[in-house]
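One structure is given below, encoded as structure tokens.
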Amino acid sequence: MRRRSFLKALAAAAPAAGMQNFLLTHAFAQSPGSTPSGALHMVPAGEDYSGHPHSLGFSSILFKVPTAQTAGGLFMIEHMHLLPGGPALHLHHSQEEWFYVMEGEVAFQVGDQRLQLRPGESVLAPRGVPHTFSSISAAPSRMLIAFTPAVKMEQYFRDAEKSPAHAFDADFMSRYEMQLVGPSPFWKAQTS
């Protein structure tokens with residue numbers, strides 16, 4: 001499939017994935033056959049782009065598409081071994097966050113709505129809307145998460161890994177254009 005045909009097909013599916021802004025501002029703007037970094041970089045299954053997995057304590061995080069590859073338009077991670085818990089209820093001021101469940105079952109709260117996703121299902125958390133998630137499977141879950149535009153999310157994960165006790169601290173999160181809204185409602189379910 002030629003690159004232009006592929007991008008047109010991707011653009012047709014983009015609204016459902018919440019990625020139309022990324023495609024319009026980045027994918028179509030590049031010259032045919034090139035990537036921002038100049039060369040293709042295949043990331044094998046179960047591996048991180050740089051070969052070093054990351055963690056915030058409730059999963060292993062693999063960087064699949066770093067921000068440098070898309071000139072800041074997209075940052076994509078894979079959560080492997082996702083356990084019950086998840087992040088605090090928070091929102092992003094500058095990007096949408098898209099979730100795609102690959103294995104297990106994951107509970108989400110996006111705004112006032114709660115839902116449970118199974119493999120192959122996805123949900124978009126728009127910018128400015130509080131959201132969180134937690135695995136609810138007997139076995140660990142696995143999912144992809146995309147941030148568009150990427151803004152400071154890659155750096156957040158790098159810095160939070162160095163200081164996990166501060167990962168969900170309001171002041172720390174605000175440095176990365178996020179806002180702590182409160183504890184995850186799923187944390188209560190774990191202790192009950």
pair [X]-[Y]: side-chain heavy atoms closer than 4.5 Å:
X: Val106; Y: Phe99; answer: no
X: Thr67; Y: Pro149; answer: no
X: Phe108; Y: Leu117; answer: yes
X: Gln109; Y: Thr132; answer: yes
X: Gln95; Y: Thr148; answer: no
X: His131; Y: Phe133; answer: no

Could I get the full list of side chain to side chain contact (heavy atoms under 4.5 Å, CB included) partners for [X], not counting sequence neighbours?
X: Pro183; answer: Trp187
X: Leu91; answer: His93, Pro130, Gln179, Val181
X: Ser94; answer: Val151, Glu177

Q.
Under the rule for ring pair (Phe, Tyr, Trp, His ring centres under 6.0 Å), what residues qualify as partners of Phe63, not counting sequence neighbours?
A. His54, Phe75
Calculate, to the nearest 0.5 Å, the distance between atoms [atom1] and [atom2] belonging to [X] and [Y] respectively.
X: Met76; Y: Tyr100; atom1: CE; atom2: OH; answer: 11.0 Å
X: His90; Y: Glu97; atom1: NE2; atom2: CD; answer: 5.0 Å
X: Gln69; Y: Glu154; atom1: CD; atom2: CD; answer: 10.0 Å
X: Ile145; Y: His79; atom1: CD1; atom2: NE2; answer: 3.5 Å
X: Ile77; Y: Met153; atom1: CD1; atom2: CE; answer: 7.0 Å

Q. Short question: side chain of Gln113, backbone of Val110 - any donor-acceptor pair under 3.5 Å?
A. no
Q) Do side-chain atoms of Ser134 reach the backbone of Pro84 as a donor and acceptor pair under 3.5 angstrom? A) no
Shortest non-hydrogen contact between [X] and [Y], atoms and distance:
X: Arg114; Y: Pro185; value: NH2-CB, 2.8 Å
X: Ser184; Y: Pro87; value: CB-O, 3.4 Å
X: Ala146; Y: Leu74; value: CB-CD1, 3.8 Å

Q: Verify whether the ring centers belonging to Tyr176 and Phe172 lie closer than 6.0 Å.
A: yes
Q) Less than 6.0 Å separating the ring centroids of Tyr156 and His92? A) no
What pairs of donor and acceptor atoms, side-chain ones from residues 135-143 against any protein atom, are under 3.5 angstrom apart with sequence neighbours left out?
{"residue": "Ser135", "atom": "OG", "partner": "Leu82", "partner atom": "O", "Å": "3.3"}
{"residue": "Ser135", "atom": "OG", "partner": "Ser141", "partner atom": "OG", "Å": "2.8"}
{"residue": "Ser137", "atom": "OG", "partner": "Glu105", "partner atom": "N", "Å": "2.4"}
{"residue": "Ser137", "atom": "OG", "partner": "Glu105", "partner atom": "O", "Å": "3.3"}
{"residue": "Ser137", "atom": "OG", "partner": "Ser141", "partner atom": "OG", "Å": "3.4"}
{"residue": "Ser141", "atom": "OG", "partner": "Glu105", "partner atom": "N", "Å": "3.3"}
{"residue": "Ser141", "atom": "OG", "partner": "Glu105", "partner atom": "O", "Å": "3.2"}
{"residue": "Arg142", "atom": "NE", "partner": "Glu103", "partner atom": "OE2", "Å": "3.2"}
{"residue": "Arg142", "atom": "NH1", "partner": "Glu78", "partner atom": "OE2", "Å": "2.7"}
{"residue": "Arg142", "atom": "NH2", "partner": "Glu103", "partner atom": "OE2", "Å": "3.0"}

Q: Please name all residues satisfying side-chain hydrogen bond (donor to acceptor under 3.5 Å, both in side chains) with Arg175, sequence neighbours left out, ordered by chain then number.
A: none
Q: Using the rule that two of Ile, Leu, Val, Met, Phe, Trp, Tyr join whenever any of their side-chain heavy atoms come within less than 4.5 Å, decide whether Leu180 and Leu89 are in one cluster.
A: no
Q: Could you label the plane-to-plane angle of the Phe147 and Phe157 rings as parallel, tilted or perpendicular, counting under 30° as parallel and over 60° as perpendicular?
A: tilted
